Structures are given as structure tokens and as C-alpha cells.
Amino acid sequence: MKNRSLISINDFSKEEQIGILDLAESFEKQPTRKILEGHVVANLFFEPSTRTRLSFDTAVNRLGGKVIGFADTSSTSVQKGESLKDTIIMVSNYSDLIVMRHPKDGSARYASEVSSVPIINAGDGANQHPTQCLLDMYSIRKTQGTLENLDIAFVGDLKYGRTVHSLVMALTNFNCRFHLVSPPELKLPSAVKMHIKEKQLEYTQYTELQDVLPIADIVYMTRIQRERFSDPIEYEKVKNAYILRNNMLKGSKESLRILHPLPRVNEINVDIDDNPKAYYFQQALNGVYVRQALVTSILGVI
Ligand code: CP
């Protein structure tokens, strides 16, 4: 993986993805090691983030590397009209690896074409979020003991949810069954469903959350992505489509775990937070170990 960019989850083979998860396990056991001394990672966030940016910061800091970058563009020369291409060329002169989040689909692939250092896509529009995907896979494997033959329910905004797109694509390598719960306006895009069909796997589309709770091994809740709607009235229609509450989990499997890439708005009621089936905060912590595995693999120090 040395010097390779990660733009789509499919840029890494199934074996390479599993290799990252295995390495992340070793970082979970020993997260502080000075193996990135002398390396500079640039975090360029053109769109808001809490978990992704700060967990990359933590991952690099715990390994002795340095982080440069910005959390928004208000203090950068983007405000003076500097292009994405020029920004990436400049920052690739200052760093060994660029982690980039951007609101436009395809921006990360474009950045990788003009950069002299590898690019990690930290989310590009409604397209892909491959590092979230790897930490989701890590969380599923850790809680279920396997990634194979699971019933995975995806709930909420399957149209604009980039984390859903990446994770569905990855799980098609593991013979999972896909239960897709969304309002009719927010169904999983056909281009992503094609990946399921190509592997001849099952998927079922639902509009009612209750229908999947008794059968799921994983319920992957998502936020309705207000910022992706061009018409606010359309957002208002679907914003409260699904709210998972503690009393709805009666009759679910003992081994069920509830995941969410976060941030949540109201789609998981806080009365679930103390239920042992709630795993979303631990899931976000797992992101540090997975990102340590990714950064060290791409920089070739491990
Ligand atoms: N899951 C995720 O991408 O969270 P942030 O937007 O806070 O980075």
C-alpha cells in the first residue's frame, strides 16, 4: 500500500482491507509508538468534521508525526480564489500525505491526479468515505467476530450517505444480506445497488424500520443529510423519517449492535445510549486505530 492513495474503498482489495483491520488491532493494543517521527501529514478539511479530522490528528500525534492543515477554508487562500489544484500542489510540497474532505463528489480523485503525495479521501460529497468504511468494518468484525454472512440493515439517508455507499460496496465481498430502509426519495442509488447485483447477493428495500429489527445483526443508522438537499422543503418532509428508541429493541437479537457514523441529530434516541447494543461511540474510537494502520501503511513505515 506504500505511496498509494485511498479514494474509493474499492481502491484496496479485500485482502488489503483485511490487512488494515488486522494492523488496526495491533494499534488498539499499543496505540502510542514513535514510528512517524519526521513525517508530516496534512489534514485539509473543506467541509466540517469532528471525528474524522480529530481522529486523524490523534492517530498521527500518538505515533510521533506532525499534522498541518485547516479545519475550514475561511483563513486560507481559497477565499482569494485559489483553485483546488493549486492548493493541493502547494500542500503536497509541504507534506508526505494529504487527508482531504471536500463537499464535491469526485474532488478526492481529482486531487490524487494532481498531487505528488498520496491522498486519503476523508469524504467527498455524497460519494465515498473509505476510512469510515474501514472503521465500520473493524467495528462489525470486532462485535460479531466475523464479516461473513451477516444481516446488515442500513437505515435513513441511503441516497446521500457516503458512508453507506462505501460500506455496502465493501460488504459485498463478505456474502452479507442487505436490508435497505429509507423513505422512497432516499433509496440507495442504482450505481451502488449494481455492486450487490454483480455479486449475486440479496437485498431488500423497506420503508418501515420495525421490519428489520428482529432479523438484523447490525443496524447502521444514518442522519438525513440536510446539507445535500437542494430544496429545504424536501428535507422537511423526511427529516424525522426514522427515530430508533430503546423500547423498539425488544425482540432484537442479543448480539445486535447499533452503529452510526455520527453525528446524529435525532435518529437514535438518547435512551439507547446505555443499552449494551449501542456501539456508536466505541465505533468512533476505533477510527483512531484504523487510521493509524492506514497512515503507517501508506507512508511505508510498518
Ligand atoms: N463520521 C464522520 O465522518 O464524522 P465527522 O463528520 O464528524 O468527521
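When a residue number appears, it is its place in the shown sequence, counting from 1. Atoms within a ligand are numbered from 1 in the order they appear, just like the ligands themselves. Side chains are part of it too, since the values below use all heavy atoms of this structure and drop only hydrogens, waters and symmetry mates. Computed from a predicted model, the values in this text were never measured in an experiment.
Residue Thr52 has at least one N or O atom closer than 3.5 Å to an N or O atom of ligand 1.
When only modelled atom types and interatomic distance are considered, Asp124 and Gln128 share no side-chain donor-acceptor pair under 3.5 Å.
More than 12 heavy atoms of other residues, nucleotides or ligands shown are found within 6.0 angstrom of NZ on Lys253.
Every atom of ligand 1 with a heavy atom of Leu262 under 4.0 Å away is listed here by number and element: 1 (N), 2 (C), 4 (O). Listed by atom number, the atoms of ligand 1 under 4.0 Å from Thr50 heavy atoms are 5 (P), 7 (O), 8 (O). Short contacts between ligand 1 and Gln132, defined as distances under 4.0 Å to a heavy atom of the residue, involve ligand atoms 1 (N), 2 (C).
Ring geometry for Phe154 versus Phe178: interplanar angle under 30°, hence parallel rather than tilted (30 to 60°). Between Tyr235 and Phe229, the ring-plane angle classifies as perpendicular under the 30° and 60° cut-offs.
Nearest protein heavy-atom neighbour of atom 6 (O) of ligand 1: Arg101 NH1, 2.9 Å. Protein heavy atom closest to atom 1 (N) of ligand 1, with residue, atom name and distance, is Pro261 O, 2.8 Å.
Cation-pi contact between Arg33 and Phe27: present, with separation from the ring centre below 6.0 Å and deviation from the ring axis of at most 45°.
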